[in-house]
2 protein chains.
Amino acid sequence: MEQSRKRAKPGRNPGSGSRTSRPRQAEVAQLAGVSQATVSLVLSARSDGKAATISEETRQRVLDAARSLGYAHDPAARRLAAARNNLLGVFSFTATFPTDVQHSYYPFLVGVEQEAAARGYDLVLFTGSSSGGAGAAGPDALSRVRLADGCLFLGRHAPGAELKRLVADGFPVVHLGRREELEGLAWVGADYVSASRAVVEHLAALGHRRIVLVREADDAPASADRQRGFLEGLAAVGGEAGPGAVLRCADPAGAVTAERVRALVADGVTAFVAEETDTGAAWRALDAAVREAGLSCPGDVSLGLLGSPPPDLAAAPVPTGFDVPRHQLGAAAVRLLAALVAGEEAQEPLVVCEFRTGATAGPPGRRP
Amino acid sequence: MEQSRKRAKPGRNPGSGSRTSRPRQAEVAQLAGVSQATVSLVLSARSDGKAATISEETRQRVLDAARSLGYAHDPAARRLAAARNNLLGVFSFTATFPTDVQHSYYPFLVGVEQEAAARGYDLVLFTGSSSGGAGAAGPDALSRVRLADGCLFLGRHAPGAELKRLVADGFPVVHLGRREELEGLAWVGADYVSASRAVVEHLAALGHRRIVLVREADDAPASADRQRGFLEGLAAVGGEAGPGAVLRCADPAGAVTAERVRALVADGVTAFVAEETDTGAAWRALDAAVREAGLSCPGDVSLGLLGSPPPDLAAAPVPTGFDVPRHQLGAAAVRLLAALVAGEEAQEPLVVCEFRTGATAGPPGRRP
DNA sequence: TCGCATTGGTAATGCGCATTACCTATGCGC
DNA sequence: GCGCATAGGTAATGCGCATTACCAATGCGA
């Protein structure tokens, strides 16, 4: 008998002092002298004024009974019956939970948590069940998220097929990060385009006309957006946007050498911008190359970073660029998800990145 | 009608191509030409040879049907019906996603995840609903963990009353960290007593007799254990274990000054050990004080750390001490939890900490 | 005085699944 | 050829809750 695990005593005596099993609504009802249905109505009282059908007196009796019994909802039953249990899921496809503060998702999670708390939701965190987890293989991989009312997905590794399935089933899903290729998938993202353009415009205002973007050979939307913003900015300010304006390299450290930088500068380039990525490779390479080339910054060349520097380079000269408002992104994602759960059709705009003046940009040097 | 959210078309036609709702076992059954019960039997086939009641042919038909429909269990229903859904919960009570850089359960989680995966469990992470979360206040705070088959609790902040309640309800619970005051609560912990004693004995073997323990004024079991091991070690080696042997201070940085250290050394103390805590305050203070006092280590004084140094001090002189096997602790906790879920009575022993020779201990200096 | 709306509450139902009691062939020994 | 065991499967039930259809009592206008 499995249920022996749930009810310690199959035949218990409800009146006696020593209880041994979690109370059900039925027991609360008995104690309050009402029906189970009434208990449910009282305890799930949605603040929607709609349910004025229980008298205040009865309400109090039920609440007292529930309190004295220490009643707590069974989340599984709640979800099964009503398709609502006030829980929001967060799924990250990393091997382990991204609770390590070093982890790049961490800042998002902080925002997610705050917003969820503010809206009265509890959170449940799922991970991509690294190796041999139960659902690791099959389409079950994502099925656990159905424990929650809706789910937020982090990271570009979220498999499209699975997500599509959830969406098709009408399960509320929000993806954190631009994800337009999946029809019907809700997402929130940072406005890298505008932010990148702003950096270019800042450099242009300082007098730069020949600016080069160093980016990795990744095709992530985030990279594409930055490049687009960069080119738009260049065009807007009448800068030179020839094919040489973008340095796309699979291995930034190998491609962006001191020599290369020196050559470009000699050719008239006065400023460089790098995209931010997980590894920060582009910025790292650019920084090293400039330094090694013996160029002073921002004396000889100006540098811009389309994002935030990696933690280990956060010190000293703060790069001119922008900050991705990760907390706000997380919060926006939760807002959107909450709206979907509530059946609304809300749409979250792109979240604006904040320009960071920094100390790596100045007027162009006076090299020929 | 709420269910319109679950079933896109109340009256759907099972044969037509465009499906729009997640399939149930009933639909799989229909496709396979069997009953829902059969589908359940096949799909939940426990490897326990017990269930040989379905013919191989039927089994295959069901499996095929399930696959072609992309069937996936509903975790909520599963849990409700069977009290099992193959999920283990992990509850961390620290400020939900700890903003304190030092304070991360990450290493534990790594072990937890590996072991869970190895045992075919999926994980769900709950957090301490820091601020105004839904269940933040009431006894509901922990009720969500019932979504899982059992739950692991991290951190000393897990409220006893709630835990007791879960245990009393027969819900499988394991606490990571010693927790003996709660009758019936299963836990796993590191053997700080033995490990601390070993450090003292190591110092004693080098010739030290006057050793002082610097600890915080916390009453956590982990602190008490270290002190106990320290005193036991001192007693075992015939060291001087007077009341001055333990420096218990609320504010290590303020209490353990260069002067204080100098005075103690002048008084004949040749070695110090500090306990490890979240913040590493004790070790930090000791390290700074010794350095500031102009004492060389291990030339003038030997130092020991009952645990691991905080990340920012991990460099250079590796402290003599021990390492808490966090991965193994996490794994042990999962093993224990799995046993409880399975209804067994398993008991996990304390996990042994590994001695770390380090470079901060040597023979006593030759001060008078 | 009757009809009708409103208030306050309840019985019944079903969510999706696991489980169990039970039923129907077969096979087998004697 | 009969009784009985066994394999293979199914109908029915309930987990704990939200929801809905429905019912009883009361108020109120005409």
Side-chain angles (χ1 to χ4, degrees), chain A residues 1-7 10 21-30 32-46 48 50-62 66 69 71-86 143 146-147 149 169, chain B residues 1-7 10 21-30 32-46 48 50-62 66 69 71-86 143 146-147 149 169:
Chain A
M1 301 299 124
E2 265 313 300
Q3 66 259 43
S4 65
R5 266 187 52 241
K6 304 193 74 178
R7 290 187 177 278
S21 137
R22 196 168 60 93
R24 322 286 137 113
Q25 288 189 347
E27 298 166 39
V28 174
Q30 191 175 19
V34 298
S35 72
Q36 176 267 323
T38 303
V39 173
S40 175
L41 286 176
V42 170
L43 293 184
S44 35
R46 303 176 291 181
D48 314 19
K50 279 181 64 176
T53 177
I54 301 292
S55 74
E56 185 55 27
E57 189 220 317
T58 305
R59 230 177 68 79
Q60 280 307 330
R61 275 219 319 284
V62 170
L69 254 45
Y71 174 81
H73 288 291
D74 177 328
R78 211 172 159 79
R79 171 92 186 129
L80 183 58
R84 295 279 187 95
N85 63 2
N86 212 48
S143 79
R146 296 181 198 273
L147 280 173
D149 293 348
D169 290 352
Chain B
M1 305 298 125
E2 265 313 300
Q3 68 258 41
S4 63
R5 266 188 52 238
K6 304 193 75 176
R7 290 187 177 279
S21 138
R22 197 169 60 93
R24 322 286 136 115
Q25 287 188 349
E27 299 167 39
V28 174
Q30 192 176 21
V34 297
S35 73
Q36 176 266 324
T38 302
V39 173
S40 175
L41 285 176
V42 169
L43 293 184
S44 35
R46 303 176 293 181
D48 315 18
K50 280 181 63 175
T53 177
I54 301 292
S55 74
E56 185 54 27
E57 190 219 319
T58 305
R59 231 177 67 79
Q60 280 307 329
R61 275 219 319 284
V62 170
L69 254 44
Y71 174 81
H73 287 290
D74 177 328
R78 211 173 159 82
R79 170 91 186 131
L80 183 58
R84 296 279 189 95
N85 63 4
N86 212 48
S143 77
R146 296 181 198 272
L147 280 173
D149 293 347
D169 291 352

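Labels below follow one simple rule: chain letters A, B, ... track the order of the sequence lines, proteins then strands, and each chain is numbered from 1.
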Selected nucleotide, minimal atom distance to [X] side chain, candidates [options]:
| X | options | value |
| --- | --- | --- |
| B:Ala37 | D:dG14, C:dC15, D:dT10 | D:dT10 |
| B:Leu41 | C:dT19, C:dC17, C:dG14 | C:dT19 |
| A:Ser40 | D:dC17, D:dA18, C:dC17 | D:dA18 |
| A:Ser35 | C:dC17, D:dC17, C:dT10 | C:dT10 |

Would you please confirm or rule out a distance under 4.0 Å between OP1 or OP2 of [N] and any side-chain N or O of [X]?
| X | N | result |
| --- | --- | --- |
| A:Ser55 | C:dG9 | yes |
| B:Thr38 | D:dT10 | yes |
| A:Thr58 | C:dG9 | yes |
| A:Gln25 | D:dA18 | yes |
| B:Arg78 | C:dA18 | yes |

Quickly work out the [X] [atom1] to [N] [atom2] distance and round it to whole Å.
| X | N | atom1 | atom2 | answer |
| --- | --- | --- | --- | --- |
| A:Leu80 | C:dT13 | CG | P | 18 Å |
| B:Asn85 | D:dC15 | CG | P | 18 Å |
| A:Glu56 | C:dT7 | CD | P | 15 Å |
| B:Arg79 | C:dT19 | CZ | C1' | 16 Å |
| A:Ile54 | D:dA18 | CD1 | C1' | 13 Å |
| A:Glu57 | C:dT7 | CD | P | 18 Å |
| B:Leu147 | D:dC17 | CG | P | 13 Å |
| A:Asn86 | D:dA18 | CG | P | 11 Å |

Minimal non-hydrogen separation, A:Ala32 against A:Arg61, with atom names
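Where A:Ala32 meets A:Arg61 most closely, the heavy atoms are O-NE, 3.0 Å.
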To check you understand the geometry: which heavy-atom pair defines the closest contact between A:Ala76 and B:Leu147, and what is its length?
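What the structure gives for the nearest pair is N-CD2, 3.8 Å.
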Quick one: do A:Arg22 and A:Asp74 satisfy side chain to side chain contact (heavy atoms under 4.5 Å, CB included)? Show the steps, please.
CA-CA 9 Å; A:Arg22 196 168 60 93; A:Asp74 177 328; 3.2 Å; yes
Which residues satisfy the side-chain hydrogen bond (donor to acceptor under 3.5 Å, both in side chains) test with A:Glu56, sequence neighbours excluded?
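By the side-chain hydrogen bond (donor to acceptor under 3.5 Å, both in side chains) rule, A:Glu56 matches A:Arg59, A:Gln60.
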Identify whether any heavy atom of B:Val39 sits under 4.0 Å from a base atom; if not, whether one sits that close to sugar-phosphate; answer base, sugar-phosphate or nothing.
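Since no nucleic acid heavy atom lies under 4.0 Å of B:Val39, the category is nothing.
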Output all residues satisfying side chain to side chain contact (heavy atoms under 4.5 Å, CB included) with B:Ala81, sequence neighbours left out; order by chain, then residue number.
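For B:Ala81, no residue satisfies side chain to side chain contact (heavy atoms under 4.5 Å, CB included) once neighbours in sequence are set aside.
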